[in-house]
Participant: 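Following this message is one structure expressed as structure tokens.
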Amino acid sequence: MEDSIFTKIIKGEIPCSKIYEDEKTLAFLDIHPLTPGHSLVIPKQQVSHFDQLDEEDYNAVFETVKKVATKLKQVTGCERVCLRVEGFDVPHTHIHVYPCNSPTDFYGRTDRLQVEPDYEALNNMANKLAF
């Protein structure tokens with residue numbers, strides 16, 4: 001299987017705005033955020049579908065999701081943290097974790113993909129969220 005873009009990020013071949021890492025997972029900011037702080041949590045093992053992760057990696061991913069969600073609430077003051085699991089763009093399990101204050105933060109935001117990433121804003125947010 002060819003390395004996904006996320007595997008290349010894990011290997012350090014592609015940079016990211018990392019906010020958390022342990023032996024099984026990595027969390028970093030999405031370059032096209034729905035809201036400021038929008039993060040991705042991935043397992044270090046490249047598996048396309050989250051339900052195909054072994055029990056240990058599955059649990060590690062969701063433990064990291066909880067840590068990131070807690071940190072997002074502290075830093076952004078958001079009302080809720082929303083999750084989305086999809087995997088259409090990258091065949092590597094990833095959980096979108098982002099601050100939400102209303103349903104409009106969650107639904108129908110495809111316009112974000114048309115905008116060039118703001119790397120300075122991403123790095124500033126990564127510094128605030130880093131563990």
Participant: Is there a donor-acceptor pair under 3.5 Å between the side chain of T93 and the backbone N or O of V47?
Facilitator: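 Judged by distance alone, yes, a pair lies under 3.5 Å.
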
Participant: How close do S17 and N123 get, heavy atom to heavy atom, and via which atoms?
Facilitator: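 Here S17 and N123 meet closest at OG-OD1, 3.2 Å.
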
Participant: Check Q45, K44, E13, Q46 against T7 for a side-chain hydrogen bond (donor to acceptor under 3.5 Å, both in side chains) and give me the one that passes.
Facilitator: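 Only one option passes, and that is Q46.
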
Participant: Please check if L26 and L53 belong to a single hydrophobic cluster, counting links between Ile, Leu, Val, Met, Phe, Trp and Tyr side chain heavy atoms closer than 4.5 Å.
Facilitator: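 Each belongs to a different hydrophobic cluster.
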
Participant: Mind checking the SG-CG spacing from C78 to N101? Nearest 0.5 Å is all I need.
Facilitator: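 Here the rounded value is 6.0 Å.
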
Participant: Heavy-atom distance under 4.5 Å between the side chains of I95 and F62, does that happen here?
Facilitator: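 When only atoms from C-beta onward are counted, F62 and I95 do touch, with a gap below 4.5 Å.
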
Participant: OG1 of T76 to CG of L129: how many Å apart, nearest 0.5 Å?
Facilitator: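 Reported value, rounded in 0.5 Å steps: 8.0 Å.
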
Participant: Please list, chain by chain and in numerical order, all residues satisfying side-chain hydrogen bond (donor to acceptor under 3.5 Å, both in side chains) with E63, sequence neighbours excluded.
Facilitator: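 Applying side-chain hydrogen bond (donor to acceptor under 3.5 Å, both in side chains) to E63 gives none.
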
Participant: Say whether, by atom type as modelled, one donor and one acceptor occur between the side chain of T35 and the main chain of P99 under 3.5 angstrom.
Facilitator: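 Indeed, once roles are kept as given, a pair shorter than 3.5 Å links the two residues.
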
Participant: Less than 4.5 Å apart, side chain to side chain, heavy atoms only: is that true for K71 and I19?
Facilitator: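 They are not in contact (no side-chain heavy atoms under 4.5 Å apart), so the answer is no.
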
Participant: Give, for atom CZ of F6 and atom CZ of F28, the distance between the pair rounded to the nearest 0.5 Å.
Facilitator: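 If we round to the nearest 0.5 Å, F6:CZ and F28:CZ are 4.5 Å apart.
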
Participant: Does any part of the side chain of H92, heavy atoms only, come nearer than 4.5 Å to the side chain of I10, both counted from C-beta?
Facilitator: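 Contact flag for I10/H92 side chains = yes.
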
Participant: Answer with yes or no whether the hydrophobic clustering places F50 together with L83; edges join I, L, V, M, F, W, Y residues whose side-chain heavy atoms lie under 4.5 Å apart.
Facilitator: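 Result: yes, single cluster for both.
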
Participant: If every non-hydrogen atom of V68 is compared with every non-hydrogen atom of A27, which pair is closest and at what distance?
Facilitator: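 Nearest heavy atoms, V68 then A27: CG2-CB, 3.7 Å.
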
Participant: Between the side chains of D3 and K8, is the shortest nitrogen-to-carboxylate-oxygen separation below 4.0 Å, so that they form an ion pair?
Facilitator: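 Result for this pair is no, no salt bridge flagged.
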
Participant: Measure the shortest side-chain to side-chain distance between D30 and Y98 over non-hydrogen atoms and say whether it is less than 4.5 angstrom.
Facilitator: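 No, their side chains stay 4.5 Å or more apart.
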
Participant: Any link between I31 and I14 through a network of hydrophobic side chains (Ile, Leu, Val, Met, Phe, Trp, Tyr) touching at under 4.5 Å?
Facilitator: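 In one cluster with I31: I14, no.
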
Participant: In sequence, state the C-alpha distance, the side-chain angles, and the governing distance for V75 and M125, and then conclude on side chain to side chain contact (heavy atoms under 4.5 Å, CB included).
Facilitator: CA-CA 9 Å; V75 169; M125 182 59 76; 4.3 Å; yes

Participant: Between atom NZ of K73 and atom CZ of R80, what is the distance when rounded to the nearest 0.5 Å?
Facilitator: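 K73 NZ to R80 CZ: 7.5 Å, rounded to 0.5 Å.
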
Participant: So if you build clusters from Ile, Leu, Val, Met, Phe, Trp, Tyr with side-chain heavy-atom gaps below 4.5 Å, do V90 and L40 land together?
Facilitator: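 Both belong to a single hydrophobic cluster.
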
Participant: State the NZ-CG distance between K128 and L29, to the nearest 0.5 angstrom.
Facilitator: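 The CG atom of L29 is 11.0 Å from NZ of K128, to the nearest 0.5 Å.
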
Participant: For the NE2 atom of H94 and the CZ atom of F88, what is their distance to the nearest 0.5 Å?
Facilitator: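 If we round to the nearest 0.5 Å, H94:NE2 and F88:CZ are 10.0 Å apart.
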
Participant: Just wondering, are more than 12 heavy atoms of other shown residues or ligands nearer than 6.0 Å to NZ in K24?
Facilitator: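 Enclosed.
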
Participant: Are V85 and L72 connected, step by step, through hydrophobic side chains (Ile, Leu, Val, Met, Phe, Trp, Tyr) whose heavy atoms are closer than 4.5 Å?
Facilitator: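 V85 clusters together with L72.
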
Participant: What closest approach, in Å, do K67 and F131 show between heavy atoms, and which atom pair accounts for it?
Facilitator: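 For K67 versus F131, the nearest heavy atoms are O-CZ, 3.5 Å.
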
Participant: Any side-chain heavy atom of V61 within less than 4.5 Å of one from Y58?
Facilitator: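 With C-beta onward as the side chain, the pair stays apart.
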
Participant: Counting neighbours of CD on Q74 that are heavy atoms of other residues, nucleotides or ligands and sit closer than 6.0 Å, is the number greater than 12?
Facilitator: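 More than 12 heavy atoms, drawn from other residues, nucleotides or ligands, come within 6.0 Å of this atom.
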
Participant: Between H96 and H38, what is the ring plane arrangement, given parallel below 30°, perpendicular above 60°, and tilted in between?
Facilitator: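 Rings of H96 and H38: tilted, 30 to 60°.
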
